[in-house]
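Values reported hereafter were calculated over all heavy atoms of this structure, with side chains retained and with hydrogens, waters and symmetry mates removed.
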Amino acid sequence: MSGASDTMTVLEALETLGLRPGATPDDVARAFRATVKTAHPDHGGEARRLRRIVEAYRLLEAGRAPSTIPPRPERPVEDRLEITPAEALRGGERSVSLPDGRLRPTTLPAGLRPGDKVRLDGVLLTVFVRGEDGVLVDRDHLHLTVAASPALLRDGGRLEVQTPTGPRMVWVSREAGARGLVRVPNEGLPARGRHGRGDLFVRLQPDASRYESPARAKRRRFGAAWAA
């Protein structure tokens with residue numbers, strides 16, 4: 001008869017003893033003692049099955065196969081991790097709700113991007129950055145919309161904008177005012193991994209409450225002249 005290694009694979013040996021990959025030597029010994037009793041002809045078993053069990057045990061014992069075959073990794077549960085633009089910028093401490101209902105305290109790293117993966121207690125979380133207070137995250141960049149006066153859009157000047165990290169003065173050139181968009185380099189998400197530092201894009205929206213129509217301006221001048 002051929003040797004065990006010629007007639008049986010390691011996985012077949014594990015199946016013969018009713019074991020799974022990752023079984024320890026103690027598991028192999030216990031399984032062998034249990035199965036050899038039921039397969040012995042004196043207990044109503046078959047000689048062929050008994051030989052098969054012995055071959056499986058010798059193969060696993062000779063190669064210590066259980067320690068060389070890791071169990072197949074289970075596919076992690078997937079869920080979504082929703083964060084704010086401020087958390088994407090700075091990270092920080094927060095509790096994350098897992099699919100099984102548990103709240104897991106964790107520390108988020110600064111610079112998380114939409115679509116990034118975070119593994120927590122065997123759960124694979126995909127990052128989603130929601131918009132908040134007019135601030136949006138697009139890849140590496142921050143986008144926010146602010147109201148600007150007609151004079152600023154026409155002549156340019158300084159404009160204070162509220163960012164997730166606090167107020168910031170932004171210079172608006174005449175060209176930027178005309179196109180309604182200011183780009184501030186290196187004021188987006190911080191560099192992280194393969195991602196470089198992002199930019200801040202400020203979209204200028206005309207402030208309707210401060211807009212004065214030609215007719216209204218004419219009435220105002222007329223009223224001022226009449227009062228004089």
Please say whether more than 12 non-hydrogen atoms of neighbouring residues, nucleotides or ligands are located less than 6.0 Å from CD in Glu132.
yes
Please report the shortest heavy-atom distance between Leu50 and Ala39, naming the atom on each side.
CB-O, 3.9 Å
Qualifying ring-ring contact (aromatic ring centres under 6.0 Å, His included) pairs with a residue from residues 80-139, counting only residues at least two apart or across chains:
none
Side chain to side chain contact (heavy atoms under 4.5 Å, CB included) with Ser173: which residues, sequence neighbours excluded?
Trp171, Glu175, Ala176
Mind listing the closest non-hydrogen atom pair of Leu153 and Ala148 along with its distance?
CD2-CB, 3.9 Å
Give a yes or no on whether the backbone of Glu12 and the side-chain of Glu15 come within a donor-acceptor separation of less than 3.5 Å.
no
Does atom CZ (Arg203) have a neighbourhood of more than 12 heavy atoms from anything else shown, all under 6.0 Å?
no
Residues that Thr107 engages under side-chain hydrogen bond (donor to acceptor under 3.5 Å, both in side chains), provided they are two or more places apart
Glu93
So which pairs with a foot in residues 16-32 pass salt bridge (charged side-chain N to carboxylate O under 4.0 Å, His left out), sequence neighbours left out?
Asp27-Arg30
Under the rule for side-chain hydrogen bond (donor to acceptor under 3.5 Å, both in side chains), what residues qualify as partners of Gln162, not counting sequence neighbours?
none
Result of checking Arg80, Arg192, Arg194, Arg139 against Asp116 for salt bridge (charged side-chain N to carboxylate O under 4.0 Å, His left out):
Arg192
Output, in order, the C-alpha distance, side-chain angles, deciding distance and verdict of side-chain contact (heavy atoms from CB on, under 4.5 Å) for Val129 and Leu112.
CA-CA 9 Å; Val129 186; Leu112 283 175; 6.0 Å; no
Can you list the steps and then say if Val202 with His143 is a side-chain contact (heavy atoms from CB on, under 4.5 Å)?
CA-CA 6 Å; Val202 182; His143 295 255; over 6 Å; no
On a heavy-atom basis, which atom in Pro190 and which in Ala88 lie closest, and how many Å separate them?
CD-O, 4.3 Å
Check whether any side-chain heavy atom of Leu159 sits under 4.5 Å from a side-chain heavy atom of Leu204, and report yes or no.
yes
Can you name the residues that form a ring-ring contact (aromatic ring centres under 6.0 Å, His included) with Phe32, not counting sequence neighbours?
Tyr57
Side chain to side chain contact (heavy atoms under 4.5 Å, CB included) partners for Pro164, two or more places apart
Pro85, Ala86, Leu89, Val135, Leu142
Taking side-chain hydrogen bond (donor to acceptor under 3.5 Å, both in side chains) as the test, write out the residues that go with Arg104, two or more places apart.
Asp121
Going by the side-chain contact (heavy atoms from CB on, under 4.5 Å) test, name the single residue among Leu11, Ile53, Thr35 that passes it with Thr16.
Ile53
For Arg130, all residues meeting side-chain hydrogen bond (donor to acceptor under 3.5 Å, both in side chains), sequence neighbours excluded:
Glu82
Sequence neighbours excluded - salt bridge (charged side-chain N to carboxylate O under 4.0 Å, His left out) pairs with any residue from residues 140-165
Arg113-Asp140
Gap between atom CG of Leu125 and atom CG of Asp79 - 0.5 Å precision
6.0 Å
Acceptor/donor pairs from residues 181-189 side chains to any protein atom, 3.5 angstrom cut, sequence neighbours excluded:
unit_1 : atom_1 : unit_2 : atom_2 : d
Arg183 : NE     : Asp199 : OD2    : 2.8
Arg183 : NH2    : Asp199 : OD2    : 2.6

Test of understanding: clusters of I, L, V, M, F, W, Y form through side-chain heavy atoms closer than 4.5 Å, transitively. Do Leu144 and Leu136 belong to the same one?
no
Please say which of Ile83, Leu103, Thr84 ends up in a side-chain contact (heavy atoms from CB on, under 4.5 Å) with Arg94.
Ile83
Could you grab the distance from atom CG of Leu108 to atom CG of Leu120, nearest 0.5 Å is fine?
9.0 Å
Who are the ring-ring contact (aromatic ring centres under 6.0 Å, His included) partners of His141, not counting sequence neighbours?
Phe201
